[in-house]
Amino acid sequence: MKKRIIVSLFFVVIIITIFLIVSIFKLYTEAEKVQRSIFVTEVLTAGNVVVDEIDAILKNDTLPVMDSVVNQEVDTTDVVSVQHSRKFLLDTTNNQPIGVIMTEIYVKEDNARVVSNDTTYFSESFRILFPLYKDPWSPKSPEEIPESFLEKVDVNMVQLDSSTVERLNPNLLRQLIKEALKEETINARFDYALYNAFTTEFVIEPSYVEPEKMLKSDYVFRLNYNEKVSSPHYIILYFPGERGIFLQRMSTIVAMILCLIFLVSAISFVSLYSLYRQKKVSEVTNEFVDNMTHEFKTPISTISLACEALNDQETIENPEMQHTYVQIISDENERLRSMVSNILQIAQLKKGQIKMNVELLDMHELIHKVVDSVALLVNSNGGVLNLALNADNCKVFGDREHLTNVLVNLVENAIKYSEEKPEILINTLSNEKYFMFSVTDKGIGIPKRSLPEIFNNFYRVSSGNVHNVKGYGLGLGYVKKIVTMHKGKIEVDSVEGKGSTFMISLPFKR
């Protein structure tokens, strides 16, 4: 496959992946908006319930009926304690405070109680002031309020009295809020506060959230004006882990989204990896075709030249020359047959069509025969091949022809990849389970990065400055396949510039 097609497909996959991931996150964002809307509705419902319950509690907080003295001096003899209370007078037409009844309860030693009430009516200007404070987060600035109004304001007069604050204690409010939220299936961690917008102070401060952050909350509920509350007071709720609440509620959707993202990413990775592998296979296949063409071209050219020489009159008259050229043609023809046979064997191995003729073999005997067959090749390169046959048990079940080819391939590679005179050692060992033999050389070695690839078909390690290395990368692939078919294993240990060792282990059991 051409490089530009690979690059184009790569970018197409990347763009599709990005588009899908963006679409998935957009889906999540829309789902989060829906969950936020539901959550806000639930919190508002719970907050309104809390406000109604507080209103009911305060309306039931009435003073006992008893003897009272209005605007007169009370005999404070034998008084043990004094309780203060405040009750606002509301205009029924607009539910606005028009005055306040200040109450003091004197408790004497004999447990007798005397109530003193002092009623004060707000002036018209003072009553107009309250509607100016409807927004607790943007209160009217002093410049917007007439000084005549401010002069008449007694802040203490419109604050919650001590008995109301004691009644609306932090534990009660937390319990009311917790139960109201639970009714709306909200079990999240929260903090709360009671805020007086008129004085801009917290009546009940938040437990762990900073006041500045609390005032920025979206969940604010104003208490109803009643006989105990005249100035604007607000219950504020804050959920520090609000995003986590949405994630928890969308756990199924989030899990599906994560799975989808993983699936898309996996498909993209596999697609890109497949394209990369296809590109590599294409490159290796092209290299194989080039090498194979070169390998076939040489014997074909030699045969062609020998045929022309046989037609020469001088050769016709010389039987010895005829015999020489005929032998050349025979040798090159055998070489072509061998190469074709190797390629066909690899194809059969790949398709699983090759048949194994398994018999009990003496591996030491087989090794000796291989050494004899390659001795001429080793000697012609000025090399030496040593044997160290140390295995106590050398009898295994296997295919004689294919195991012979395995050994020949390893020895020929050791010769081809030796820069100088090849030094080769064939060593054998055995244990209870395996017969092991290794082929060691002192050649150019294999780069560490290439070790995982050397058993792949068509793969050839770059030979650097060694230019006389022929072949098309099928030998080691064939070796590994044959070893695997014998239920054995092959390992390689190589140091670049120092040589390589291929060790094969064959099981004794059939």
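Basis for what follows: all heavy atoms, side chains included, without hydrogens, waters or symmetry-related copies.
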Counterpart residues, salt bridge (Lys or Arg N to Asp or Glu O under 4.0 Å), relative to [X] (two or more places apart):
| X | value |
| --- | --- |
| R189 | none |
| K213 | none |
| E42 | R249 |

Locate the shortest heavy-atom distance separating [X] from [Y]; write the atom from each residue and the value.
| X | Y | result |
| --- | --- | --- |
| I235 | L173 | CD1-CD1, 4.1 Å |
| N427 | A388 | OD1-O, 2.6 Å |
| V396 | F435 | CG1-CB, 3.6 Å |
| A414 | P422 | O-CB, 4.4 Å |
| G383 | N379 | O-OD1, 4.1 Å |
| G499 | S494 | O-OG, 3.3 Å |

Next on the checklist: Does E359 have more than 12 heavy atoms from other residues, nucleotides or ligands lying within 6.0 Å of its CD?
Outcome noted: yes
Checklist entry - Under 6.0 Å from the CD atom of E30, do we count more than 12 heavy atoms belonging to anything else shown? => result yes
Check whether any side-chain N or O of [X] sits under 3.5 Å from a backbone N or O of [Y] as a donor-acceptor pair, and report yes or no.
| X | Y | value |
| --- | --- | --- |
| S430 | D392 | yes |
| T484 | K480 | yes |
| N333 | I329 | no |
| T45 | T41 | yes |
| N381 | K421 | no |
| H486 | D399 | yes |
| N393 | K395 | yes |
| S438 | T501 | no |

Item to check | Residue pairs fulfilling side chain to side chain donor-acceptor pair (under 3.5 Å) with at least one residue in residues 173-184, sequence neighbours excluded | outcome: Q175-E179
Are [X] and [Y] packed together at the side-chain level, in the sense that at least one heavy-atom pair is separated by less than 4.5 angstrom?
| X | Y | result |
| --- | --- | --- |
| V43 | I186 | yes |
| L310 | M321 | no |
| D191 | M214 | yes |
| V411 | I426 | yes |
| E401 | N405 | yes |
| L215 | Y234 | no |
| Y192 | I236 | no |

Next on the checklist: The test is side-chain contact (heavy atoms from CB on, under 4.5 Å); show your working for L194 and V165 and say whether it passes.
Outcome noted: CA-CA 10 Å; L194 180 57; V165 173; over 6 Å; no
Checklist entry - Who are the ring pair (Phe, Tyr, Trp, His ring centres under 6.0 Å) partners of F202, not counting sequence neighbours? => result Y195
Next on the checklist: If the condition is ring pair (Phe, Tyr, Trp, His ring centres under 6.0 Å), which residues does Y238 pass it with, not counting sequence neighbours?
Outcome noted: none
Report the distance from atom [atom1] of [X] to atom [atom2] of [Y], rounding to the nearest 0.5 Å.
| X | Y | atom1 | atom2 | value |
| --- | --- | --- | --- | --- |
| N311 | Y325 | CG | OH | 11.5 Å |
| Y434 | F508 | OH | CZ | 10.5 Å |
| L429 | S505 | CG | OG | 9.5 Å |
| L223 | N196 | CG | CG | 10.0 Å |
| L385 | I424 | CG | CD1 | 5.0 Å |
| L506 | I482 | CG | CD1 | 11.0 Å |

Next on the checklist: Using the rule given for side-chain hydrogen bond (donor to acceptor under 3.5 Å, both in side chains), can you reason through Y478 versus N409, listing the C-alpha separation, both sets of side-chain angles and the distance that settles it, and then say yes or no?
Outcome noted: CA-CA 9 Å; Y478 168 82; N409 264 292; 5.9 Å; no
Item to check | Stepwise side-chain contact (heavy atoms from CB on, under 4.5 Å) test for F190 and I177 | outcome: CA-CA 9 Å; F190 69 92; I177 295 169; 3.6 Å; yes
List for me each residue that meets side-chain contact (heavy atoms from CB on, under 4.5 Å) alongside [X], sequence neighbours excluded, and say none if there are none.
| X | answer |
| --- | --- |
| S37 | none |
| E432 | none |
| N386 | V384, L425 |
| D52 | N224 |

Checklist entry - Hey, is E496 close enough to K448 for a salt bridge, meaning N to O under 4.0 Å? => result no
Checklist entry - Would M503 and D493 satisfy side-chain contact (heavy atoms from CB on, under 4.5 Å), going step by step from the backbone distance to the final call? => result CA-CA 8 Å; M503 176 172 282; D493 181 23; over 6 Å; no
Checklist entry - Which word best sums up how the rings of Y219 and F239 line up, parallel for under 30°, tilted for 30 to 60°, or perpendicular for over 60°? => result perpendicular
Residues 360-371, side-chain donor-acceptor partners within the protein, below 3.5 Å, at least two apart:
| unit_1 | atom_1 | unit_2 | atom_2 | d |
| --- | --- | --- | --- | --- |
| D362 | OD1 | H364 | N | 3.1 |
| D362 | OD1 | E365 | N | 3.2 |
| H364 | NE2 | T428 | OG1 | 3.0 |

Checklist entry - Residues two or more places apart in sequence or in another chain: which of them pass side-chain hydrogen bond (donor to acceptor under 3.5 Å, both in side chains) with K442? => result E423
Checklist entry - Passes side-chain contact (heavy atoms from CB on, under 4.5 Å), I504 versus M436? Steps please. => result CA-CA 6 Å; I504 294 174; M436 296 165 284; over 6 Å; no
